[in-house]
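What follows is a set of notes on a single structure, which appears directly below.
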Amino acid sequence: MLNNTKTILFALIASIGFTTANAAHPEHQDSHNNHQITITDSWIRSAPTNAPALGLFMEINNNTNQDIKLVSAHTEGYKRIELHRTVDSNGMMKMIKQDFMPISAQGELHLKPGSWHIMLIGPDRVPNMGEKIMISLKFNNGSTQIVHAVVRKGKMMMKHHSMH
Amino acid sequence: MSNKLLGIVSVVVLLIVVAFYTLDINKNYKSLTPQLAVAQIMHDPDKKLPIFSLLDHNSNVFNNDGLKDHWSLLLFIYTHCPDVCPTELANIAMLKSYLEGEQAAVIPNVIAITFDALRDTPKVLKTYVAHFDKDFIGVSGDQKNIDQLVKYFGAYYERVIYDDNDKPVTLKRNDPLPNNAIEKGYIINHTATTYLVSPDGQVLAGFPISHNIKNMANDINLIVENY
């Protein structure tokens with residue numbers, strides 16, 4: 001009886017320990033987390049093999065109590081990388097280069113087609129569908145985040161695409 | 001005297017018939033508006049498609065005949081566009097698949113005309129446009145011919161270069177590009193409407209960007225049924 005209780009107690013303690021260890025080292029494949037900034041769903045729109053520019057998109061969450069700015073992005077194999085925002089000005093789609101992207105305290109910024117995006121200009125080689133591209137993102141609070149953006153088709157319209 | 005009166009009456013009756021006929025044509029499409037989810041009727045029977053001669057992505061002549069005898073979805077793009085144009089082309093590709101899946105009565109040809117003939121040669125367009133759908137037709141050629149169509153469709157574009165201080169400068173339509181523009185790059189701000197063209201070359205409707213594919217398909221079917 002006592003032995004049984006001991007075993008159960010041991011199992012319980014062991015399982016709590018295991019859970020705590022897991023929580024301390026979260027391993028989420030698509031989430032890049034340094035607690036202050038969380039980046040999810042980073043992707044590059046699959047493009048023609050001769051595309052002169054590619055769009056990079058993601059969702060950036062700022063978990064701090066300070067406003068932060070994304071100031072630059074870097075990856076190998078492109079002539080230039082710029083921060084851009086597409087703005088619809090009375091039907092005229094304007095692509096406006098940005099010095100930074102603001103993410104408000106405890107806020108989020110969704111980089112998506114037709115809106116904020118990172119422009120990868122002059123690729124040495126246009127990546128194939130399914131490839132993962134390592135990108136480093138610099139923020140004005142001194143932190144750098146690494147994301148692995150997957151190359152896939154855009155799904156922008158699927159969101160509006162009512163299926164009922 | 002009575003012959004003269006008869007003549008006048010005949011002319012008046014004829015005018016009324018003509019007026020009714022014309023109004024009726026307009027009415028047919030305009031009256032669809034309450035049933036249309038996203039399409040904007042653009043039909044104007046007095047506005048004839050200008051004569052144009054361009055090149056398709058195989059460098060064959062693409063002129064007014066290219067829009068005859070079948071329905072077309074026509075849009076203006078440029079390949080250095082990282083966001084809006086690929087979004088439009090991807091959406092239209094999805095729309096085409098949807099229409100095929102629904103076995104729609106009409107699957108329009110898709111014609112993508114470049115705003116940027118300088119960089120988008122037929123060869124460039126061939127690789128680019130086929131990525132979205134193998135049946136899409138890329139069109140390039142003489143910029144003046146392109147500009148004439150841009151104007152006719154009510155589209156608009158402007159080229160933007162960055163000066164030495166990295167400040168954007170919007171060029172006027174006839175301003176030449178600086179010598180280093182190709183090397184330094186330039187972007188194009190532009191409207192992003194997709195146009196539905198009937199088999200007799202009339203622009204019946206325009207679809208603004210951010211269209212829902214199912215709504216767009218329904219609108220196309222409705223307009224086609226009323227053609």
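Chain letters run A, B, ... following the sequence lines, proteins first and then strands; every chain starts at 1.
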Check: Given the options A:M119, A:M95, A:M93, which has more heavy-atom pairs under 4.5 Å with chain B than any of the others?
Finding: A:M93
Check: Which one of B:C81, B:P82, B:P208 has the most heavy-atom pairs closer than 4.5 Å to chain A?
Finding: B:P82
Next item on the list: Please work out which of the three classes, parallel, tilted or perpendicular, describes the rings of A:H117 and A:H84, given edges at 30° and 60°.
Entry: parallel
Check: Are any non-hydrogen side-chain atoms of B:L95 and B:L73 less than 4.5 angstrom apart?
Finding: yes
Item checked: Partner chain A: residue of B:D83, B:I187, B:T191 with the largest heavy-atom pair count (under 4.5 Å) -> B:D83
Item checked: Closest contact, heavy atoms only, A:G107 versus A:I103 -> O-CG2, 3.7 Å
Next item on the list: Against chain A, label B:A192 side chain, backbone, both or neither, depending on which of its atoms sit under 4.5 Å from a heavy atom there.
Entry: both
Next item on the list: Could you tell me which portion of A:K79 (side chain, backbone, both or neither) has an atom closer than 4.5 angstrom to a non-hydrogen atom of chain B?
Entry: neither
Note to self: Looking at chain A, which one of B:I188, B:T193, B:D166 has the largest number of heavy-atom pairs inside 4.5 Å, strictly under?
What the structure shows: B:D166
Next item on the list: Decide whether B:D147 and B:Q143 meet the rule of one side-chain donor and one side-chain acceptor closer than 3.5 Å.
Entry: yes
Next item on the list: Run the numbers on B:Y157 and B:F115 for ring pair (Phe, Tyr, Trp, His ring centres under 6.0 Å), then give the verdict.
Entry: CA-CA 7 Å; B:Y157 75 95; B:F115 284 115; 5.2 Å; yes
Item checked: chain A contact via B:P168 - side chain, backbone, both or neither, heavy atoms under 4.5 Å -> neither
Notebook entry, point to check: Looking at A:I39, A:I37, A:I118, which hits side-chain contact (heavy atoms from CB on, under 4.5 Å) with A:L70?
Noted result: A:I118
Next item on the list: Heavy-atom distances under 4.5 Å only: say whether A:S46 touches chain B with side chain, backbone, both or neither.
Entry: both
Next item on the list: Go through the atoms of B:V129 and report whether side chain, backbone, both or neither lie under 4.5 Å from a heavy atom of chain A.
Entry: neither
Notebook entry, point to check: Please walk me through it: do B:T87 and A:R45 pass side chain to side chain donor-acceptor pair (under 3.5 Å)?
Noted result: CA-CA 9 Å; B:T87 303; A:R45 192 208 315 264; 3.1 Å; yes
